[in-house]
Structure formats: C-alpha cells, structure tokens
Amino acid sequence: MEKEQVHVCSVFTREFPPGMKEQIKRSLFEAGYKLHNFQSVGEFVNWYSDYQTEVCLLLDEEIDSGEYDSLKGEFEELDDFIFVDSQNAGKREWSGTAVLIDKKTNELDVDMLIEEIKAILPIDENEMSFEGENELDAEEDESDAFDSFTDGASPYFQEVDDESYMGEEPPLSEEEMADIARESQAQELIEIQQTYDVSADTKVAEVEAVIEHTSSANDSASYSKRLRSIQKSLTGPQMDDFKTIGVWSPLPAMGVTSFILNFSFFLAENRIHTAVLESLTSNHILKDWLLRYGSVPDKWVSLAQNLHADQAIGNSEWVYRGVKFFPLNTKDGKHHWNPDSFDAFYRMTGIYDVTLIDIPTGEMAAFTKESLRYLDELWILVDDRVQQLNSWKGYIKGIKESSGLDVHLIHNKSISASKPGIISEGLGSNLLAEMPPLWEETARNYYQNQPLYFQAGVREKVQKPYHQLARHLIGPSFQLQEKKTNWWEQLTKSKGFQKILNG
C-alpha cells in the first residue's frame, strides 16, 4: 500500500452499536482519510514499526490495558482516540483522547472526531484519494452517472471537470450523461448474453433450478442491498484496506490464469486474505481449473446468479487452499445484466485484502474496458515475443490514458537471454518481477490434480518474484510465514527413512 493512502488506523476488538463502524468509516472517507484496520494491537505495532509516518490510531476501551500501556511506552508520540461508553467515562485515565459513545441513543459525535483528527493530520484537498470508494458501495446514490462507452471508441472514465468548457460543443449535463451511459452500458452487456454457449456442462451436475427473472429483481430492488447481504454471509473478514488487481495479456498462451491461481495460493499461504474473480466473458475457464482439484462445493451458486436472484440462494464462495474463488458458471451470460448488477459484481470482493481479476486475453470488449474502473492496478504478463508485443504498444498506451490506471509488467518465462528491460521501455510500463520458466513442471502438471504451485520444487522457484509482488501490494509489513512441514515430509527427510529406501 502507498504511504500517502493511510492516515488513520484502527484496532476494534468489540462490537459497536449497529451502524457505528460504518458511520466512522464513511465520515473518514468523506473527509479524505484512508482507514487501515488491524485485528490486534500487536499486529498494528508490527506494521507501524516499519511504516514510520504519522497516523492517528482508533481504539476501543476493551483493549487490554497492558497492551495499551506497552504501545504508548514504545510510541509515546502516537496520537490515539479511545471510544468509551458514556457510562464508563472517567473510570480510567487514558493518555489518548477519549471519544464518548452515548449508549442509550447509540450516537457518536463523529464531526467532532473528524475535526480533532484534521487538527493532527490535515488533508490537502488537492491530493485526496478516493480509491476506497467501494467501501461505501452498499449505500451509494443510485443516480451516480455510469461512465459511457461505445463501439470503436475509448471509454470515458474521468469525472466531469467543473472548469469552463473550451470546445465547440457545450458539455452535457450530469443527468444527460447518466442517461446516455446507462443506456450504452446496458446495450453492451447484451453482447455477453448473446455469445454464451448454452450447452449443458457435462463435467459436473449443474444447479438444476434456474432462477427466472422477475420484475422485482430488475425494477425497484436495490442491487447494493443484495450485495451487502451476500457480503455479510461470507466468512472473510471485513477489511478496510484492499487492492484489486487485474491481470491481462495481449498475447495468447501467456499463462494468465495459471499465474493468478499460483500467486493467490502464495498470498493465502502467507495470511493475506485473497479472492480471485473471473471477469465477465463468454469463454470462462476458471471453473474447469478448479474442477481439476476437487468437486463443486455444496450449495454453491455463482456470484452472478446470486446477484440476479431476489435474495441470496446459496454460497458463492468456492474456497480452495484458503483462496476465495468466484468463477463464472455456464448460464451467467443469460442473466439480465444492467449497470447496477454489473457494478455489484465487480465490487463484491472488496472485503478481501487482495482481489486478483482474471481478464480475458487479447483485445478487450467494451464491457471489459468498463470493468477497468474497478481496478487499482493492471498487471500485464509479457514474454520474449518482442515483435508481437510491440504491435500492442499503442493499444496499451490507450488503455493507460483512458483508464488512468497504474500499469505494470510481469515478465513470464524469463531466461538468461531475456531482455525484460527492453520490453518494459518499449511498452512504457514499469517491470514488477521476472517469473522463471516452468516448462517441464507445467507439462507434468497437466496430468495432475493439484495446482502447479504445490508441485515439488515450484514453490522455491517462484518465491522470490512472488515475494516482490506481495511487497509491492502490501508494503514493507508483508512477511513470509514459516511453512510447517507435515508428518510425511518430516518422515521422508529422516535418516532412518532414507536408509530404508536406499537399502
């Protein structure tokens, strides 16, 4: 995470009155602050020791007094606010600032809290970051304009400029732009429905009940409310900070899906709450990959199907090796997609530390370009096919300019003769990491029923570049977790076992 994005931290170990946490988050966001939540004081201390910048820390009164005293002893200069029930006020001396909660009315003077934080950490309004917008998705104004896109034209992702218009034509009003954008996007999303293969998936038993579209599901029902309902039913923690990364390649056979799968296992193995979302496409494949490793989870329905039902009808998480997967299903292109359900689909995984989105390879469809606005960064997988990549230079430049995204490269199958620096300079994008060639391991893995990452020797080969990528995502607080060997590994490494094997 970037240092300038984190201004306020919190350690909340108890339940607040209903809606109060959301009220605090919203008020901080509207004031221009980024909130970073921790599960314990110890976790915060580990992060803050490396972070070395001024932040405000929000705590609750049930934090162990020994932990708090130790924290203040080590970081006496830390500005902290303790949320105290009004009935308990004055029962203990806090070195931080007490924030009173009226337990009878469940009210909190948030404005006063924000003003006190502003006095300590003033925000330059010209540098305010709104990347956390999706934290507020549940209660967004449904009249917000959807950015338009048309055939053959680059999508318009920027907010309307308040400055005077200098062109020949007068600018459209916000209402006119909203109407045009919604009509345009709804038309484009029909492309998904028309291109899907409707044949039955014979590999596994599909969900037999197809949810028929009803007027209540498409007219007045709020997709944001359904989204919130599904989020609350998931097992993942409600994280305040997260990154959504799209992974894409202009060239085929680059291994995008394989990279996403294996990198997600690395993140989950190192205690990063990770989700993988398959971007809307008629050529979905993530489900087939997962079926190599196991069967369909009990009561699983795709996220797309859940969003288009009147209420949640099953569990949309497909959990494997600690990663929360959200693959598409065969009939997902047949739902009545509209701007609201499209928006909810891409905001769904905002509760996880990191979301990796598998973007279809090659030229992007209009609705794929529109999905870029939900990303924090776009990672492009490249290899040594210099001439082919060079032909995409203008296309990639157009994506960067229209979306405003940070675009980075990952050089896949890098060998001693590779020249990733030349490719990086030619495409005008920063190189994040170089992945080693895994041709033999990949060939063997086609006939195995476990991911490539868990094949013997692979984890060690990819650890360095994966570590680089994780540090880029999480920051200096990211640490590799010690891997505990299981009983079989311990047995096979023992001298006695080796003696038996060798006679």
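The analysis underlying the following values was restricted to heavy atoms, covering all of them including side chains, and did not include hydrogens, waters or symmetry mates.
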Can you see which heavy atom on [X] is nearest to which on [Y], and at what distance?
X	Y	value
D353	R271	OD2-O, 4.4 Å
L251	M254	O-CB, 3.8 Å
S249	L381	OG-O, 3.0 Å
Y346	S371	CZ-CB, 3.4 Å
K400	S429	NZ-OG, 3.6 Å
A433	Q468	CB-OE1, 3.6 Å

Is any side-chain heavy atom of [Y] closer than 4.5 Å to one of [X]?
X	Y	answer
E278	F326	no
L280	W337	yes
S264	Y453	no
S341	H335	no
F265	T274	no
Y320	W289	no
F242	T355	no
P297	N315	no

**Request:** With side-chain hydrogen bond (donor to acceptor under 3.5 Å, both in side chains) as the test, would you mind laying out the steps for N390 and Q387 before giving the verdict?
**Result:** CA-CA 5 Å; N390 187 58; Q387 288 74 26; over 6 Å; no

Let me confirm one number: the [atom1]-[atom2] distance from [X] to [Y], rounded to the nearest 0.5 Å.
X	Y	atom1	atom2	answer
C9	L57	SG	CG	6.5 Å
H411	K419	NE2	NZ	10.5 Å
T349	E317	OG1	CD	11.0 Å
H472	I410	NE2	CD1	9.0 Å
L473	L356	CG	CG	7.5 Å
L277	Y374	CG	OH	11.5 Å

Looking at [Y], is its backbone amide N or carbonyl O close enough to the side chain of [X] to form a donor-acceptor pair, meaning the two atoms are under 3.5 Å apart?
X	Y	answer
S418	P420	no
R471	P476	yes
D384	S414	no
S403	L405	yes
R459	F454	no

**Geometric class of the W248/W392 ring pair [parallel <30°, tilted 30-60°, perpendicular >60°]** = perpendicular

Indicate, with yes or no, if the rings of [X] and [Y] have centres closer together than 6.0 Å.
X	Y	value
Y466	F263	yes
H467	F266	no
F342	F367	no

**Item:** Check against side-chain contact (heavy atoms from CB on, under 4.5 Å), N445 and L438
**Value:** CA-CA 10 Å; N445 189 241; L438 299 169; over 6 Å; no

**Item:** From N329, D332, T330, residue fulfilling side chain to side chain donor-acceptor pair (under 3.5 Å) relative to S302
**Value:** D332

**Request:** Output, in order, the C-alpha distance, side-chain angles, deciding distance and verdict of side-chain contact (heavy atoms from CB on, under 4.5 Å) for V55 and H36.
**Result:** CA-CA 10 Å; V55 300; H36 189 23; over 6 Å; no

**Message:** Using a 6.0 Å cut-off, check whether atom CD of E425 has over 12 heavy atoms from anything other than its own residue.
**Reply:** no

**Asked** Is the CD atom of E460 crowded by more than 12 outside heavy atoms at less than 6.0 Å?
**Response** yes

**Request:** Before giving the answer on side-chain contact (heavy atoms from CB on, under 4.5 Å), spell out for Y395 and I399 the whole-Å C-alpha distance, their side-chain angles and the decisive distance to 0.1 Å.
**Result:** CA-CA 6 Å; Y395 188 85; I399 288 176; 3.4 Å; yes

**Item:** Steps toward side-chain contact (heavy atoms from CB on, under 4.5 Å) verdict (L469, I245)
**Value:** CA-CA 11 Å; L469 294 173; I245 307 298; over 6 Å; no

**Note: D376-K243 ion pair, threshold 4.0 Å (strictly below)** = no

